[in-house]
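Below: the structure, in structure tokens.
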Amino acid sequence: MASDLELKAKEAFVDDHYDLAVELLTQAIQLSPNNAHLYADRAQANIKLQNLTEAVADANKAIELNPSLSKAYFRKGTACLKLEEYQTAKAAFEIGASLAPGESRFTNLIKECDELIAEESGAIHIPKNTASQDVSTEDVQPENDVPERQAVTVAKPKYRHEFYQKPDEVVVTIFAKGIPRNSITVDFGEQILSVSINFPGEDIYTFQPRLFGKIIPAKCRFEVLSTKIEIRLAKAELIHWTSLEFSRGVIVPQRANISSVAGGQRPTYPSSKPKRVDWDKLEAQVKKEEKEEKLDGDAALNKFFREIYQDADEDTRKAMKKSFVESNGTVLSTNWKEVGSKKVEGSPPDGMELKKWEH
């Protein structure tokens, strides 16, 4: 029965009935869940429908079931290429090429990935008409019987999910109670998260969002708890995600300075809090400017006296205060032994008379 559905799916694909092909292959997979070819073929149909994250998930499942199936790597690489995940696409094509060394399509697509990676890094500019826009229709053979189109039903997601983030990671939580770890498959791409829950007796749950920003797959991890699946995504860029899923209408925030973070400093973000002032540094700066300041006349003299007072010992300071006050500002002595035991009389400049003011 599964083989009949597979043949009908291939015919639907040739007739450009990709929705029907997906539905027929889904029915075939339910009857033969360990057939890697069925997942690889459904990945191809999903690519035609631009269901790219679903295509990656199907290709991953095909690879899991049959790691030597070259067309599964081809489908995964093609979908990732369209998702602009060039590093992941290149890795898939390279494995596929090692499994099918006589097929030039892998070599051409690896070269295309290299060019796009270089363009992404700002090295060169590549025209957008790339080979990845055309998907090969190999392994598809038309049949004489044309199947009737069947209705496709979309199941409502069974499990709820939410996310929060830190400067360097995003934590996704899928609330799935009592699911054993061996029923859960989680894969990470450059900008794809693929989660599959295959619990006996229930429909397969899949969650494959294209993420808001790129991640580092090697640093991502997940943990299965009694009531949930907790997935930690390591950000490739230290930016704030405004949503979990990618949207072409969203402007990606500017990247933070990674060099300072690598040096052990935390990234800084705009804040409405008052900026902290380093008063010690400010005082030192003011003192430096005062010392370097060039003044004339009375201002220079007053500065000179301030510097003497600032650097003087306690006796010298007492002498300066006492002589200046008692002489009504006409005498300034630094000798405490001389002025400490007597009153200092005023001594006005020549030609001027000292007057006492009544209060």
Side-chain angles (χ1 to χ4, degrees), residues 18 36-37 39-140 186-194 208-220 233-237 239 245-248 252 255 258:
Y18 305 122
H37 291 273
Y39 284 98
D41 290 344
R42 191 171 69 176
Q44 184 184 23
N46 273 319
I47 290 171
K48 284 293 188 179
L49 291 170
Q50 297 300 312
N51 298 332
L52 301 177
T53 55
E54 289 85 348
V56 173
D58 280 340
N60 284 335
K61 184 63 177 179
I63 292 169
E64 177 187 338
L65 293 172
N66 185 356
S68 63
L69 187 62
S70 63
K71 70 177 181 180
Y73 294 98
F74 181 79
R75 306 285 162 71
K76 179 178 181 178
T78 300
C80 289
L81 196 56
K82 288 177 173 290
L83 286 168
E84 300 178 1
E85 295 199 6
Y86 306 131
Q87 295 284 2
T88 304
K90 179 183 176 182
F93 289 138
E94 287 177 338
I95 298 175
S98 68
L99 296 171
E103 297 189 28
S104 60
R105 57 179 180 167
F106 286 108
T107 303
N108 295 334
L109 288 167
I110 290 170
K111 181 180 178 181
E112 181 180 332
C113 287
D114 286 333
E115 292 173 345
L116 290 168
I117 291 169
E119 180 189 13
E120 192 175 43
S121 65
I124 58 174
H125 176 72
I126 304 297
K128 294 300 181 183
N129 293 329
T130 60
S132 63
Q133 294 176 349
D134 297 322
V135 180
S136 173
T137 58
E138 78 289 314
D139 304 325
V140 178
V186 180
D187 292 302
F188 306 102
E190 278 185 88
Q191 202 170 346
I192 292 178
L193 169 64
S194 178
Q208 296 109 13
R210 183 182 180 190
L211 301 170
F212 179 87
K214 291 191 175 184
I215 59 176
I216 306 173
K219 295 184 178 180
C220 297
L233 307 174
K235 293 181 180 179
E237 297 178 317
I239 59 174
E245 298 189 35
F246 173 83
S247 173
R248 294 191 180 276
V252 178
R255 182 177 180 174
I258 293 183

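Both backbone and side-chain heavy atoms feed into the values below; hydrogens, waters and symmetry mates do not.
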> Can you name the ring-ring contact (aromatic ring centres under 6.0 Å, His included) partners of Tyr73, sequence neighbours left out?
Replying inline: none

> Closest heavy-atom contact between Gly77 and Ala89?
Replying inline: O-CB, 3.3 Å

> Of the non-hydrogen atoms in Ser98 and Pro101, which two are nearest, and what is the gap between them?
Replying inline: O-CD, 4.0 Å

> ring pair (Phe, Tyr, Trp, His ring centres under 6.0 Å): which pairs involve residues 45-68, sequence neighbours left out?
Replying inline: none

>> Looking at every non-hydrogen atom in both residues, tell me the closest pair between Ala57 and Ser194 and how far apart they are.
In response: CB-OG, 3.5 Å

> If we only count heavy atoms from C-beta on, is the Gln208 to Val56 side-chain gap below 4.5 Å?
Replying inline: no

>> How long is the straight-line distance from CD of Gln87 back to CG of Asp114, given to the nearest 0.5 Å?
In response: 8.5 Å

> Atom CZ in Arg105, atom OG1 in Thr78: separation rounded to 0.5 Å?
Replying inline: 8.0 Å

> Which residues pass the side chain to side chain donor-acceptor pair (under 3.5 Å) test with Asn46, sequence neighbours left out?
Replying inline: Asn51, Asp58

> Given the rule in the side chain to side chain contact (heavy atoms under 4.5 Å, CB included) test, do Glu190 and Ile216 qualify, once you have shown the distances and angles that lead to the verdict?
Replying inline: CA-CA 6 Å; Glu190 278 185 88; Ile216 306 173; over 6 Å; no

>> Taking salt bridge (Lys or Arg N to Asp or Glu O under 4.0 Å) as the definition, give me every residue that meets it alongside Lys235, ordered by chain and number, with sequence neighbours left out.
In response: none

>> Test side chain to side chain contact (heavy atoms under 4.5 Å, CB included) on His37 and Lys71; report intermediate values, then the result.
In response: CA-CA 9 Å; His37 291 273; Lys71 70 177 181 180; 3.4 Å; yes

> Which value, rounded to the nearest 0.5 Å, describes the distance between Leu81 atom CG and Leu52 atom CG?
Replying inline: 10.5 Å

> Shortest non-hydrogen contact from Ile110 to Phe93?
Replying inline: CG1-CB, 3.6 Å

>> Test of understanding: with side chain to side chain contact (heavy atoms under 4.5 Å, CB included), list the residues that count as partners of Lys111, not counting sequence neighbours.
In response: Glu115

> For Leu69 and Ala62, which heavy atoms make the closest approach, and how far apart are they?
Replying inline: CD2-CB, 4.4 Å

>> Rounded to the nearest 0.5 Å, what separates atom CG in Leu49 from atom CZ in Arg42?
In response: 12.0 Å

> Do any N or O atoms from the side chain of Gln191 and from the backbone of Arg210 form a donor-acceptor pair under 3.5 angstrom?
Replying inline: no

>> Please evaluate residues Leu83 and Thr88 with respect to the criterion side chain to side chain contact (heavy atoms under 4.5 Å, CB included), reporting the C-alpha separation (whole Å), side-chain torsions for both, the decisive distance (0.1 Å), and the verdict.
In response: CA-CA 10 Å; Leu83 286 168; Thr88 304; over 6 Å; no

> Say you draw a straight line from CG of Asp187 to CG of Asn60; how long is it, rounded to the nearest 0.5 Å?
Replying inline: 4.0 Å

>> Ring-plane angle category for Phe106 and Phe74, please: parallel below 30°, perpendicular beyond 60°, tilted otherwise.
In response: perpendicular

>> To check you understand the geometry: which heavy-atom pair defines the closest contact between Ala36 and Asn66, and what is its length?
In response: CB-CB, 3.6 Å

> Judged by atom type as modelled, is there a donor-acceptor pair below 3.5 Å linking the side chain of Arg75 to the main-chain atoms of Ala59?
Replying inline: no

> Is there a side chain to side chain contact (heavy atoms under 4.5 Å, CB included) between Lys82 and Gln50 once you walk through the steps?
Replying inline: CA-CA 9 Å; Lys82 288 177 173 290; Gln50 297 300 312; 4.2 Å; yes

> Taking only residues two or more places apart in sequence or in another chain, which ones pass salt bridge (Lys or Arg N to Asp or Glu O under 4.0 Å) with Glu245?
Replying inline: none

> Rounded to the nearest 0.5 Å, how far apart are CD1 of Ile215 and CG of Leu233?
Replying inline: 5.0 Å

